[in-house]
2 protein chains.
Amino acid sequence: MATTRDRQLHDRQLVEQWRSIQNSYFRTAGAIDRALEAKFDIGLNEFEILDLVAESEESACRMKALGERTPMTQSAVSKVVDRLEKAGLVSRQTCVDDRRSLFLELTEEGRALHANAAVEHRALLKENLGS
Amino acid sequence: MATTRDRQLHDRQLVEQWRSIQNSYFRTAGAIDRALEAKFDIGLNEFEILDLVAESEESACRMKALGERTPMTQSAVSKVVDRLEKAGLVSRQTCVDDRRSLFLELTEEGRALHANAAVEHRALLKENLGS
DNA sequence: ACACATCATATTCCTTGTCATTGAATGACG
DNA sequence: CGTCATTCAATGACAAGGAATATGATGTGT
């Protein structure tokens with residue numbers, strides 16, 4: 001039977017596990033964000049959207065699909081795409097089949113930046129996630 | 001010797017590992033945040049500061065010390081404490097030895113709220129972190 | 001005692017995110 | 001068709017965080 005003391009110990013461990021997750025998450029995200037900002041002038045969220053668009057390059061990428069692949073809100077995604085578009089890295093293409101939807105495409109500049117930034121991104125992941 | 005193909009595979013795994021960390025971090029943090037907000041009207045960051053203050057109850061807690069225990073910025077901590085103070089949950093005590101420093105104390109109300117909120121917090125951690 | 005670097009915290013300004021709402025397009029069905 | 005609900009995306013109002021800076025207190029060297 002579990003004593004009060006057991007529960008307190010267990011709680012303590014849970015909290016420590018959680019803090020350790022938080023720390024490694026923030027450490028990693030922060031390091032990547034700063035590096036990308038410094039070298040490519042784009043933030044982590046922007047890179048991640050760029051990365052998703054690059055991934056689905058073959059199958060033309062709807063905004064909707066992006067929303068399902070990141071923890072970001074729909075409106076956050078919309079704004080990130082705004083910035084990427086203003087920076088000339090992606091373009092929104094209206095879709096004839098369903099005119100509510102949009103397709104996203106990398107511009108040449110976007111493709112080039114992504115290629116370079118991805119190298120940095122993977123390197124920092126490797127460094128921070130160990131393995 | 002590592003082929004190009006090997007590197008691509010490895011990168012893919014890294015990225016997937018990272019996305020999985022992100023998802024579980026956001027899922028957990030989001031769940032806790034919403035629950036605390038709904039039941040106790042305080043956000044996750046506020047609870048975490050409250051939790052740290054409660055922990056160091058014996059040894060009176062300087063702002064500085066808080067900053068070292070969370071991934072939050074110094075200015076973020078300062079603002080979170082503002083809100084906690086406005087909500088009547090903690091109080092800032094000026095420190096006679098070094099008048100740059102502050103000590104934080106839970107008010108009665110803060111101690112009570114923390115006790116209840118902590119139960120919810122641990123339960124959600126358990127649920128989300130598994131174990 | 002004075003000038004100056006350093007430290008703990010607060011504050012300002014800007015960016016980004018969320019929530020709620022909107023607008024437009026589509027689908028479902030009598 | 002005509003209505004009504006639903007879907008996709010954008011927007012505006014607002015809250016929260018970060019960087020840089022301000023403010024005030026301490027320490028240090030001379």
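The model shown is predicted, which means the values in this text are computed figures rather than measured ones. Every chain is numbered from 1 and lettered A, B, ... according to where its sequence line falls, protein lines coming before strand lines.
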Parallel, tilted or perpendicular: ring planes of A:F47 versus A:H121, cut at 30 and 60 degrees: tilted
Calculate the interatomic distance between [X] atom [atom1] and [N] atom [atom2]; express it in whole Å.
X      : N      : atom1 : atom2 : result
A:L102 : C:dA25 : CG    : C1'   : 12 Å
B:D97  : C:dA8  : CG    : C1'   : 14 Å
B:D33  : C:dC19 : CG    : C1'   : 13 Å
A:K64  : C:dT26 : NZ    : P     : 16 Å
B:R99  : C:dA10 : CZ    : P     : 16 Å

Boundaries of the chain B footprint along DNA chain D (any atom under 4.0 Å from a heavy atom): D:dA16 to D:dT26
Centroid-centroid under 6.0 Å between B:W18 and A:Y25 rings: yes
B:R62 side-chain proximity, nearest of C:dC19, C:dA25, C:dA8: C:dA8
Any A:M63 side-chain heavy atom under 4.5 Å of A:V77 side chain: yes
Minimum side-chain heavy-atom gap A:L125-A:I32 below 4.5 Å: yes
B:E55/A:R19 salt bridge by N-O under 4.0 Å criterion: yes
Donor-acceptor pair (no angle test) under 3.5 Å: B:Q74 side chain, C:dA8 base: no
Verdict with reasoning, B:M72 to B:N45, per side-chain contact (heavy atoms from CB on, under 4.5 Å): CA-CA 9 Å; B:M72 280 182 259; B:N45 284 347; 4.0 Å; yes
Output yes when at least one side-chain N/O atom of [X] is less than 4.0 Å from OP1 or OP2 of [N], else no.
X      : N      : value
A:S75  : C:dT18 : no
A:K79  : C:dT16 : no
B:R100 : C:dT6  : no

First encountered from the 5' end of DNA chain C, between A:A76 and B:S78: B:S78
5'-most by nearest nucleotide on DNA chain C - B:D98 or A:M72: B:D98
Sugar-phosphate, base or nothing in reach of B:S101, heavy atoms under 4.0 Å: sugar-phosphate
Sugar-phosphate only, base, or nothing, as touched by B:R34 at under 4.0 Å among non-hydrogen atoms: nothing
N/O donor-acceptor pair under 3.5 Å between A:S101 side chain and A:C95 backbone: no
Whichever of B:V77 and A:R92 has its nearest DNA chain D nucleotide further upstream toward 5': A:R92
